[in-house]
Amino acid sequence: MVDPGPAWPVASAAGCRIRLADGRELVDGMSSWWCAIHGYNHPALNEAVADQLGRMAHVMFGGLTHEPAMALGRRLIDIVPAGLDRVFFCDSGSVAVEVAIKMALQYWFAQGQPRKARLLTLRGGYHGDTFGAMAVCDPVNGMHERFTPVLARHLFAPRPRSRFGGPLQPGDLDEFTALLGAHAQELAAVILEPIVQGAGGMWFYCAEYLAGVAALCREHDVLLIADEIATGFGRTGRLFACEHAGISPDILCLGKALTGGYLTLAATLTSGRVARGISADGGPLMHGPTFMANPLACAVAARSIDLLIEGPWQARVAAIEAQLRAELGPLSAHPAVAEVRVLGAIGVVQTRQPVPVEPLQRHFVGAGAWIRPFGHLVYLMPPFVISPGELSLLTRAVASGLDTLT
Ligand code: PMP
């Protein structure tokens with residue numbers, strides 16, 4: 001608001017390249033906060049928006065409906081984990097989380113259980129910037145600490161210690177189990193990011209832990225909300241991260257890559273059982289944003305899903321994963337580095353000290369790379385269509401950037 005850091009004017013973007021106004025080109029390592037999975041200025045996505053624009057840019061979604069929303073809803077129901085066949089479209093990831101929380105609360109309230117009004121989540125999580133979402137972000141590292149006095153008071157279990165790909169460590173689920181058992185009567189839902197905790201620390205955890213959480217939620221009659229806003233649409237090597245654990249949540253939040261990074265749109269899905277429960281008292285779900293199911297966004301989202309499903313996304317993500325392991329892996333021996341971890345099209349270098357964001361970012365831009373580090377993390381989440389040469393430019397920039405820290 002008063003002293004903005006450096007910002008590089010962008011003239012255009014195409015494929016995995018961001019062209020600056022001064023003519024320089026940067027290889028994109030961020031997918032614009034993880035959403036531009038097909039790269040920029042994609043002909044098929046451009047065409048989907050232009051076609052829809054010729055029909056209508058927007059129309060209210062109360063009492064009216066339209067083919068782009070219906071087509072997108074059908075596609076989502078086909079690809080998400082089983083049992084989720086009710087779709088609510090909203091504006092952004094944070095709002096999708098608000099809607100998920102409302103669904104869970106209304107479900108219990110409509111059945112005469114007003115005490116079930118709290119949430120249980122994991123430390124290290126991140127769910128967005130609006131007030132309901134902030135209240136379930138990590139209470140210390142979640143970037144929202146200053147709002148703590150006015151946030152709803154929820155319950156936090158420790159971040160899982162058990163790592164992705166490894167076994168569930170003895171005792172890792174104990175505290176979660178104890179909290180759920182002790183508070184089930186006042187818990188509406190558990191909310192978590194399946195497998196990958198993103199903005200809260202880029203942490204990859206054990207699929208068995210997630211399966212354990214899902215089983216415990218069922219046992220204690222507490223709903224499970226999976227926030228796949230960051231993980232959805234292939235980023236972790238599965239279409240949805242829940243698939244790593246073979247689970248289906250009661251409520252699923254999608255956003256970011258839903259539109260291939262073209263327009264803001266999110267979706268909250270649930271089952272028929274939860275949907276009927278929400279309306280058990282005769283009322284609708286109490287949410288109705290102005291730009292709900294915006295036709296331009298729905299049209300490009302449906303096209304983006306088709307592009308993903310019809311293309312070799314699994315091979316692409318697997319190739320990115322292998323290259324990230326080969327090229328970032330050796331950096332674990334670097335004196336500035338605490339750990340390197342890779343999962344799907346996500347490569348994370350955790351540093352020993354917090355990184356100096358501005359000088360490091362200047363270094364990356366000088367090296368022709370768009371990489372935006374934060375905290376102790378320098379990470380890559382490139383578009384799935386990145387070439388091996390472009391990805392190597394990014395990993396070399398990470399390596400030379402780390403050299404500037406020592
Ligand atoms: N949930 C998760 C897991 C996220 O990563 C984010 C965004 N980083 C959000 C919710 C919030 O999404 P948005 O920024 O679109 O509001």
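Just follow the structure's listing: the first ligand is 1, and inside any ligand the first atom is 1.
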Asp227 heavy atoms within 4.0 Å reach ligand 1 at atoms 1 (N), 2 (C), 3 (C), 10 (C)
Among non-hydrogen protein atoms, atom 10 (C) of ligand 1 lies closest to His127 O, 3.2 Å
- Is any N or O atom of Ile229, backbone or side chain, closer than 3.5 Å to an N or O atom of ligand 1? no
Requested in this report: Determine whether more than 12 heavy atoms belonging to other residues, nucleotides or ligands lie under 6.0 Å from atom CZ of Arg316.
Outcome: yes
Nearest non-hydrogen protein atom to atom 15 (O) of ligand 1, with distance, is Gly93 N, 2.9 Å
Notebook entry, point to check: Would one find more than 12 heavy atoms of other residues, nucleotides or ligands at under 6.0 Å from atom CE of Met70?
Noted result: yes
Taking only non-hydrogen atoms of Ala230 and a 4.0 Å limit, the atoms of ligand 1 in range are 5 (O)
Margin query: Could you tell me if His244 and Thr236 have a donor-acceptor pair between their side chains, going purely by distance under 3.5 Å?
Written below: yes
inquiry  = Under 3.5 Å, is there a donor on one side chain and an acceptor on the other for Asn46 and Tyr262?
reply    = yes
Atom 11 (C) of ligand 1: of Gly198, Ser94, Ala96, the nearest heavy atom sits on Ser94
**Message:** So, 4.0 Å and heavy atoms of Lys256: is ligand 1 close enough to count as a contact?
**Reply:** yes
message = Using a 3.5 Å cut-off on N or O atoms only, is Trp34 in polar contact with ligand 1?
response = no
Worksheet item: Between Tyr107 and Arg273, do the side chains contain an N or O donor and an N or O acceptor separated by less than 3.5 Å?
Response: yes
Numbered in order shown, the ligand 1 atoms found under 4.0 Å of a heavy atom of Gly128 are 10 (C), 11 (C)
Query raised in the report: Yes or no on side-chain hydrogen bond (donor to acceptor under 3.5 Å, both in side chains) for Tyr205 and Asp172, after CA distance, side-chain angles and deciding distance?
Result: CA-CA 11 Å; Tyr205 66 89; Asp172 204 12; over 6 Å; no
* Is there at least one pair of N or O atoms, one from Glu193 and one from ligand 1, spaced under 3.5 Å apart? -> no
Practice task
Compare all side-chain heavy atoms of His287 with those of Met103 and state whether any distance is below 4.5 angstrom.
Solution key: no
